Number of protein chains: 2
Amino acid sequence: MPQTATKLANRSGASLGSPSGSDQLNLLEIEVIDLFVNAVKTLGFPKSVGEIYGLLFISKEALPLDTLVDRLQISKGSASQGLRLLRSLNAVTSIYVAGDRRDHFVAETQLKKLAAGFIREELEPHISSGADRIARLKQNLAEMAEATPSTDSAFYEEQIDQLERWNTKGRRLLPLIAKFLD
Amino acid sequence: MPQTATKLANRSGASLGSPSGSDQLNLLEIEVIDLFVNAVKTLGFPKSVGEIYGLLFISKEALPLDTLVDRLQISKGSASQGLRLLRSLNAVTSIYVAGDRRDHFVAETQLKKLAAGFIREELEPHISSGADRIARLKQNLAEMAEATPSTDSAFYEEQIDQLERWNTKGRRLLPLIAKFLD
DNA sequence: CAAATTGTTCATTTTTTCTTGAACAAATCC
DNA sequence: GGATTTGTTCAAGAAAAAATGAACAATTTG
């Protein structure tokens, strides 16, 4: 029995079938997805990630990968990669569905958890690598000042200190954001 | 007198001239620029913007456009566009230099101002357009529920309310960030 | 006022990022 | 165990974003 149309209960109110197979997205779904595609792009993620999260967000039931592929008309590869990213952020979780071998995915909707995931996976690492770079800068400056004493090292030092203060502020800000979004 | 080499006082400690004209970036400058290129990409801006801001940040003197072009080896177009963006964020300001017709640019280094610019130009607009979209969603839902009463409108409504709460939280968060970074 | 300087704009090219889909691995089924 | 289903990976193609540079406008200068 190949080509099983979505096993899920059909979404009620979907527009009647047009040319290609799988049931069309209804207007509301389209607009919600569009909204998430936008939001997600702002955060620096690809469109497909917004599509996946958006559809899961506006779906009452958990959806398996092939339903996402079907309904969003994206490739299996995109769906798989998008889901991996979303899971790494804890923005989707997979749930067990009795009698179905496939993973089923649900959107996490606690803003705090979403923010925490984003902070952990996307922001923290930048702050940390920033701190490393700044440390390296300080070394370079010291070496340079030794080799070429004439340099404006006072100015450079001040600027690098500035960077360090920014980095510290940034690091302290993140947990406050997480807390605020609770 | 075409092809005037940079009029600015030569950066001390720059490595001795190699093939092409304009004075090379020194190691410290390169690393600072690299750091900003990275930071700026995280925020969703192009590399050239990071290069420009980075060089201005680590330069004691204000620099005119053609010095940026020369030293960073970017096109005049990129420099012009990058500067426009940076000015719109109040991340650089131009200052008057006596006896020089050209605009000279300096990096703004107050974190609060930088953050405020970013929030105003990049985040606020998304929050606002998000609010519009959500309003439109509500309308659609109402219309849909009327046309096709069967729909899961209770679920949809809950999800849209969720979006609205997120939007509100986001809007309230922004000023707190600005305040914290003061 | 003509020539030169400074900066902007935007169509084209280049670079980067995202998506695709076929090959593969792993798990489950009969 | 062989066949099927499910999901991942990754090289290649497609799409999106950024950079280029030549044409142009606006100043300024002599």
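Chain A is the first sequence line, chain B the second, and so forth, proteins listed ahead of strands; every chain is numbered from 1. These numbers come from a predicted model, not from an experiment.
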List, one per line, each side-chain donor-acceptor pair under 3.5 Å for residues 110-125 of chain A, sequence neighbours excluded.
{"from": "A:Lys112", "atom 1": "NZ", "to": "A:Asp182", "atom 2": "OD2", "distance (Å)": "3.4"}
{"from": "A:Arg120", "atom 1": "NH1", "to": "A:Ser88", "atom 2": "O", "distance (Å)": "3.3"}

(request) State the dot-bracket string of DNA chain C. Criteria: Watson-Crick or G-U wobble, both atom distances under 3.5 angstrom; notation: ( ) intrastrand, [ ] crossing earlier pairs, | interstrand, . unpaired. (result) ||||||||||||||||||||||||||||||

(request) Ignoring the backbone of A:Arg101, work out which of D:dT6, C:dT6, D:dT8 is nearest its side chain. (result) D:dT6

(message) So, using salt bridge (Lys or Arg N to Asp or Glu O under 4.0 Å) as the criterion, who are the partners of A:Arg87 when residues are at least two apart?
(response) none

(request) For B:Asp100 and C:dT5, give me the distance from atom CG to atom C1', rounded to whole Å. (result) 11 Å

(message) I'd like to check the ring pair (Phe, Tyr, Trp, His ring centres under 6.0 Å) partners of B:Tyr53; sequence neighbours left out, ordered by chain and number.
(response) B:Phe36

(message) Can you pull out the residues from residues 30-38 of chain A that lie within a 4.0 Å heavy-atom distance of DNA chain D?
(response) none

(request) Summarise protein proximity over nucleotides 15-24 of chain D in one line of letters, 5' to 3': B for base, S for sugar-phosphate only, - for none, counting protein heavy atoms closer than 4.0 Å. (result) ---SSBB---

(request) Can you sort out the partners of A:Glu31 under side chain to side chain donor-acceptor pair (under 3.5 Å), two or more places apart, ordered by chain and number? (result) B:Asn140

(request) Sequence neighbours left out, what pairs pass salt bridge (Lys or Arg N to Asp or Glu O under 4.0 Å) with at least one residue falling in residues 32-45 of chain B? (result) A:Arg133-B:Asp34

(message) Give me the atom names and distance for the closest heavy-atom approach of A:Ser153 to A:Leu141.
(response) CB-CD1, 4.1 Å

(request) Only pairs at least two apart or in different chains count here, so list each ring pair (Phe, Tyr, Trp, His ring centres under 6.0 Å) that has a residue in residues 161-182 of chain B. (result) A:Phe57-B:Trp166

(message) A:Glu164: which residues meet the side chain to side chain donor-acceptor pair (under 3.5 Å) condition with it, sequence neighbours left out?
(response) A:Lys138

(message) For B:Lys76, give me all partners under side chain to side chain donor-acceptor pair (under 3.5 Å), at least two apart in sequence or on another chain.
(response) none

(request) Identify, with sequence neighbours excluded, every residue that meets side chain to side chain donor-acceptor pair (under 3.5 Å) alongside B:Ser80. (result) none

